[in-house]
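So you know, we letter chains A, B, ... as the sequences are listed, proteins then strands, and number each from 1. Just so it is clear, the model here is predicted, and its values are computed rather than measured.
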Number of protein chains: 2
Amino acid sequence: MRAVVIDDGALRWEERADPVPGDTELLVGVRAAGLNGADMLQRRGGYPSPPGVPPDVPGLELAGEVLAVGRQVTRFSPGDRVMGIVGGGGQAERCLIDEAHALSVPERLDWAEAGGFPETFCTAFDALFSQASLGPGERLLVTGAAGGVGTAAVQLAHVAGSVVVASVRDEERRASLGALGADEVIGPDEIPSHGPYDVVLELVGAASFPSALDALATGGRIVVIGIGSGGQVQCNLGQLMALRARLSGSTLRARDRTAKASVVEGVRRHVLPNVAAGRLRVPVCETFALADAERAYERFEGGRKLGKIVLVAP
Amino acid sequence: MRAVVIDDGALRWEERADPVPGDTELLVGVRAAGLNGADMLQRRGGYPSPPGVPPDVPGLELAGEVLAVGRQVTRFSPGDRVMGIVGGGGQAERCLIDEAHALSVPERLDWAEAGGFPETFCTAFDALFSQASLGPGERLLVTGAAGGVGTAAVQLAHVAGSVVVASVRDEERRASLGALGADEVIGPDEIPSHGPYDVVLELVGAASFPSALDALATGGRIVVIGIGSGGQVQCNLGQLMALRARLSGSTLRARDRTAKASVVEGVRRHVLPNVAAGRLRVPVCETFALADAERAYERFEGGRKLGKIVLVAP
């Protein structure tokens, strides 16, 4: 097979040995693989793969057809359309995925949508509901809402009955966020005047964190998932006490097999039925051929995208 | 009745009208009322009372005999020995307490112990178990562990099967913390070398927070309850993400009636049986007469106490 390979910061399309599935794994012929912020970090050497995955092949999510299964696999068979999360290695012609981290692809999703779904929706679902315990009627702020996780979070919170405020820097993407279910779409400067927020999904970091914290409601929760603008912030512990606030950070990739399986199972139960019903969609901003990863990464880092950049098999 | 009254930073022992119980309230003849850090703040004008309590009579916890009950009170009768939490007004000869915030005094506790129990144990119980979800076998750091909340937390966590590391500045109080159930008693400088901690109960603030955060385990939780050494800290959001850590602040006083009732009910179910069994005790450092509040506050602010300073009726 061929794979996207990180070679001292460059991305090459190189021959690699076909992976062989372990007992609980599926060998998947990759049809599409979404890009995530973590890939950009990994390419620059800043976010090494966890043990057990190829250290130099990026890609945390993929969709494709099952080619072969390990001895203990019970839920999938060769020929099934699957999508799922991996610790790395997704941006290749073939990839292994643990069956506990795989989902059936709903009819409504084409390959590019399915390839951009798993990491993004798992991350947003886990952050909003497991970490922040977002409930119906609560007011949610999503900062940097136009990216993959942001567009997933806006939709998930809207479907679950929350009041969604989406902040995004440039104006041209605001209408699209309204169409995805945001009740109010604002610029970063407007964060203070649109609070108080019961929950904040922080996808930007230091640039928006102080104003989000200042606009937090009593009993509010902030979950930090992205820190593209930096991670060092001043925090007033007295303010956290007075608000009885909760601040947490999270990543999906480094969790153990069981913890990831639990997130995927939550998405299967609570998210996929709404995909099947047409209430959630995967906004794909642009697709590139797998062999053309270098250009796709450039597009990702260029910003001003709405939704996902996805690599697709020819 | 007479009450401790804050008058421009001074404490006076003054005549006040007897309070009249509302429908769900008990009128209690106060036998003992514990001091808390919040009283020191309130005396300096920094922590105003919530609505509905006397603004200038301090005191968040008390014990005494029920003198009269409101029309809807069902659980207590005149003559009962009760203890409980109030939004203020506890440091007086008579005080009103909502029956949902009152507990029967276990046989084993004398009046001074009962008067120093409620706020302290409710705060520690809520922080450790409701906020931080501390579980058996988990490693807990309690900073500034020698005070009222600290000695309560050390005991509660020990009884619940956690491994307790207690940090305290001066050496002479370390043996007593071991006797209360701390597995390791350390100085603040030793916080980094005794981690990683699954849970940190931060009772000191800025002076210990950075080393506690650096020594946090993956999936760790920090609950900030006290910030006597200051509240402004630098926080690295990337570190929170990498650790999947949770940071929360909390106070008991400002919560609504129902939320407080839920904490008190938790203490009744999970803490009082262990008081009755002799597995938990209330370390009373020193008692002062109610009329002598000025000296008691001085003693409180002087530090180097183990457990509670309690005002008692003559």
Side chain, backbone, both or neither of B/Ala245 within contact of chain A (heavy atoms, under 4.5 Å): backbone
Greatest number of heavy atom pairs closer than 4.5 Å to chain A - which of B/Leu243, B/Ile227, B/Ile222: B/Ile227
CG/A/Asp8: more than 12 non-hydrogen atoms of other groups inside 6.0 Å: no
Atom pair OG1 (A/Thr251) and CG (B/Leu240), whose distance is rounded to the nearest 0.5 Å: 11.5 Å
Top contributor to chain A interface from B/Val223, B/Val233, B/Thr218 [non-hydrogen pairs under 4.5 Å]: B/Val233
Max heavy-atom pair count under 4.5 Å with chain B, selected residue of A/Gly238, A/Ser250, A/Gly205: A/Ser250
Least distance between heavy atoms, A/Arg246 atom then B/Ser248 atom: CG-CB, 3.7 Å
Toward chain B, the part of A/Ile225 with a non-hydrogen atom under 4.5 Å: backbone
Option that, when pairs with chain A are counted at under 4.5 Å, heavy atom only, ranks first among B/Arg253, B/Gln239, B/Gln131, B/Arg255: B/Arg255
Atom pair CD (A/Gln232) and CG (B/Leu237), whose distance is rounded to the nearest 0.5 Å: 8.0 Å
Taking every non-hydrogen atom, the tightest pair across B/Val224 and A/Met241: O-CG, 3.4 Å
